[in-house]
Amino acid sequence: MLHRYLPMTEEDKQQMLQTIGVQSIDELFSDIPESVRFQGEYNIKRAKSEPELMKELMALAAKNADMKTHTSFLGAGVYDHYIPTIVDHVISRSEFYTAYTPYQPEISQGELQAIFEFQTMICELTGMDVANSSMYDGGTALAEAALLSAAHTKKKKVLLSNAVHPEYRDVVKTYAKGPGLEIVEIPYKNGVTDVDALQKEMDEHVACVIVQYPNFFGQIEPLKEIEPIAHAHKGMFVVASNPLALGVLTPPGQCGADIVVGDAQPFGIPMQFGGPHCGYFAVKSALMRKIPGRLVGQTTDEEGRRGFVLTLQAREQHIRRDKATSNICSNQALNALAASVAMTALGKNGVREMATMNIQKAHYAKEAFANNGFHVVFTGPFFNEFVVRMNKPVAEVNKKLLEKEIIGGYDLGRDYPELQNCMLIAVTELRTKEEIDTLVKELGDCHA
């Protein structure tokens with residue numbers, strides 16, 4: 001959608017100057033001595049006409065490698081998934097596209113109902129009791145979960161799996177500095193959290209244990225093994241989860257999780273250079289009054305008609321700051337709506353089918369690599385990502401792939417020194433057998 005910028009006319013400018021009682025723009029700067037004012041010409045290009053400018057911008061945009069021109073095997077937290085056409089049609093409606101916080105329920109029923117449906121579907125996917133109306137993204141949702149755990153348990157130690165997304169871990173550490181939380185990273189073993197190492201670090205000072213499911217390597221964490229360890233000293237169990245994977249995996253809520261967070265990007269939200277996306281945050285009912293952000297509730301009016309309202313807004317804009325659960329001051333309503341529309345369009349069976357296709361295609365790709373001499377680093381069950389070792393730097397490999405209009409996988413050596421030359425490859429439902437076979441063929445001489 002193109003939004004044109006209409007500059008003011010000379011008449012507009014003169015009218016404004018007359019209104020405020022000055023003769024010229026320079027008069028506005030009369031307090032600044034002439035001797036220190038810049039008198040020359042700015043070293044900037046001349047203004048272009050609109051057609052000229054559009055031509056230049058289109059030429060620049062054409063240099064991008066995007067999902068329409070290239071085949072992508074890059075995941076690592078942001079994925080190339082099918083987005084039903086109806087998503088853009090709904091979120092482009094002006095009543096949604098321009099909506100702000102629905103403080104006035106009598107004129108915001110559509111927005112409030114959309115958010116309520118989002119909360120409901122997140123609860124169904126995660127197996128939790130209550131979900132909020134969304135967070136900024138998956139990373140900040142996870143950090144808020146750590147803060148909630150510390151506030152609820154009145155403990156200061158957080159055990160954070162090293163197999164959690166590196167950027168999520170960085171966000172958690174940043175948030176932890178304010179309240180002075182101690183972050184202890186638990187190593188991974190064969191691609192999943194080392195349960196023995198976790199057991200050794202567990203004590204009465206631990207506020208929560210944090211794992212990702214599937215984790216950053218795509219591996220499926222053993223939640224049922226981790227849960228009793230997390231709860232051994234009345235700590236909390238926090239799980240960051242890809243919501244699409246929950247279409248087939250056992251929901252974390254059924255594995256004893258106290259808080260489940262993640263990013264709704266796989267449902268109806270484009271990759272768009274890494275954001276903006278939409279975080280979700282779900283809890284057991286006992287934590288309902290401590291959940292950050294806002295909740296939408298369902299009620300009836302005095303005539304018995306169903307209606308929706310904002311409720312339990314325990315954030316610092318609405319209550320005393322020292323009583324607030326969080327300083328989050330907004331949500332991702334438009335992206336939450338996109339996720340809601342996508343989930344509704346797919347339906348329960350469609351979400352399960354889409355998740356199953358991710359598993360089947362990723363496993364086909366893994367077998368194709370293994371059969372062509374590549375070392376697949378981790379051997380456990382996985383969702384739609386797996387790790388392959390190369391015989392040269394991943395950056396070098398990806399540069400050659402780009403020449404073939406293929407966007408390669410993520411370079412794990414950037415975050416894990418022990419995984420130098422290892423590529424995290426994502427295979428979604430959009431990848432075809434031909435595309436997978438082409439990737440394996442193009443990487444033919446790169447196996448370690």
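Only a predicted model underlies this, so the values are computations on that prediction, with no experimental measurement involved.
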Requested in this report: Considering non-hydrogen atoms only, spot the tightest contact between Ala163 and Asn215 and give its length.
Outcome: O-CB, 3.3 Å
Query raised in the report: Taking atom types as modelled and ignoring hydrogens, do the side chains of Tyr364 and Asp437 form a donor-acceptor contact shorter than 3.5 angstrom?
Result: yes
Query raised in the report: Got a donor-acceptor contact below 3.5 angstrom from the Arg169 side chain to the Leu160 backbone?
Result: no
Query raised in the report: How about Val296 and Leu310: do any of their side-chain heavy atoms sit closer than 4.5 Å?
Result: yes
Query raised in the report: Taking all non-hydrogen atoms of both residues, which atom of Glu117 and which atom of Ser340 are closest, and how far apart?
Result: C-OG, 4.4 Å
Requested in this report: Given side-chain contact (heavy atoms from CB on, under 4.5 Å), test Leu346 with Tyr82 step by step and report yes or no.
Outcome: CA-CA 10 Å; Leu346 290 166; Tyr82 165 66; 4.2 Å; yes
Query raised in the report: Would you say Asp137's side chain and His277's backbone share a donor-acceptor pair under 3.5 angstrom?
Result: no
Query raised in the report: Taking the six-membered ring for Trp, is the centroid-to-centroid distance between Phe217 and Tyr416 below 6.0 Å?
Result: yes
Query raised in the report: Could you give the distance from CG (Asp258) to OG (Ser149), rounded to the nearest 0.5 Å?
Result: 7.5 Å
Query raised in the report: Passes side-chain contact (heavy atoms from CB on, under 4.5 Å), Lys361 versus Lys433? Steps please.
Result: CA-CA 8 Å; Lys361 293 190 175 189; Lys433 179 179 181 296; over 6 Å; no
Query raised in the report: Judged by atom type as modelled, is there a donor-acceptor pair below 3.5 Å linking the side chain of Asn391 to the main-chain atoms of Asp445?
Result: yes
Report task. List the steps and the verdict of side-chain contact (heavy atoms from CB on, under 4.5 Å) for Val351 and Glu124. Result -> CA-CA 12 Å; Val351 169; Glu124 289 178 350; over 6 Å; no
Report task. State, with a plain yes or no, whether a side-chain heavy atom of Tyr175 is found less than 4.5 Å away from one of Leu142. Result -> no
Query raised in the report: Would you say the ring centroid of Tyr410 lies under 6.0 angstrom from that of Phe216?
Result: yes
Query raised in the report: Do any N or O atoms from the side chain of Asn64 and from the backbone of Asp66 form a donor-acceptor pair under 3.5 angstrom?
Result: no
Query raised in the report: Taking C-beta and beyond as the side chain, do Phe267 and Leu125 meet within less than 4.5 Å on heavy atoms?
Result: yes
Query raised in the report: Checking Arg389 side chain against Leu419 main chain: does a donor-acceptor pair fall under 3.5 Å?
Result: no
Query raised in the report: So, Lys155 side chain and Glu204 main chain: donor-acceptor pair closer than 3.5 Å or not?
Result: yes
Query - Flag, side chain of Glu435 to backbone of Thr432, donor-acceptor distance under 3.5 Å - result: yes
Query raised in the report: Are any non-hydrogen side-chain atoms of Thr428 and Asn358 less than 4.5 angstrom apart?
Result: yes
Report task. Mark yes or no for whether Thr311, through its side chain, and Leu295, through its backbone, hold a donor-acceptor pair below 3.5 Å. Result -> no
Report task. Applying side-chain contact (heavy atoms from CB on, under 4.5 Å), run through Glu144 and Val261 and close with a yes or a no. Result -> CA-CA 9 Å; Glu144 292 279 5; Val261 300; over 6 Å; no
Query raised in the report: Considering only heavy atoms from C-beta outward, does the side chain of Leu430 approach that of Tyr79 to under 4.5 Å?
Result: no
Requested in this report: Mind checking the CD1-CE spacing from Ile425 to Met423? Nearest 0.5 Å is all I need.
Outcome: 5.5 Å
Report task. Nearest 0.5 Å please: distance from the CE atom of Met135 over to the CD atom of Gln332. Result -> 10.5 Å
Report summary line: Looking only at heavy atoms, the pair that brings Thr193 and Glu221 closest together is OG1-OE2, 2.8 Å
Query - Electrostatic pair Glu185:Lys173 at N-O distance under 4.0 angstrom - result: yes
Requested in this report: Working to the nearest 0.5 Å, report the span between CD of Gln360 and CD of Glu353.
Outcome: 9.5 Å
Query raised in the report: Does a side-chain heavy-atom distance below 4.5 Å link Asp263 with His165?
Result: no
Query - Salt bridge Lys400-Glu442, side-chain N to carboxylate O under 4.0 Å - result: no
Query raised in the report: Is a side-chain donor or acceptor of Asn132 paired with a backbone partner of Pro292 at a separation under 3.5 angstrom?
Result: yes
Query raised in the report: Would you find a donor on one side and an acceptor on the other, under 3.5 Å apart, between the side chain of Glu227 and the backbone of Cys255?
Result: no
Report summary line: Between Glu405 and Thr69 the two heavy atoms that sit nearest each other are OE1-O, 3.7 Å
Requested in this report: Over all heavy atoms of both residues, which pair between Ala65 and Leu402 is shortest? Give the atoms and the distance, please.
Outcome: CB-CD1, 4.1 Å
Query raised in the report: Between Asp129 and Ser285, which heavy-atom pair has the shortest distance, and what is it?
Result: OD2-N, 2.9 Å
**Report entry** Heavy atoms from other residues, nucleotides or ligands near NZ of Lys348 exceed 12 (cutoff 6.0 Å)
**Finding:** no
Requested in this report: Measure the spacing between CZ of Phe116 and CZ of Arg306 and express it to the nearest 0.5 Å.
Outcome: 7.5 Å
Requested in this report: Taking the side chain as every heavy atom from C-beta outward, state whether Asp194 and Tyr188 have any atom pair closer than 4.5 Å.
Outcome: no
Query - Between CE on residue Met67 and CG on residue Asp80, distance to nearest 0.5 Å - result: 5.5 Å
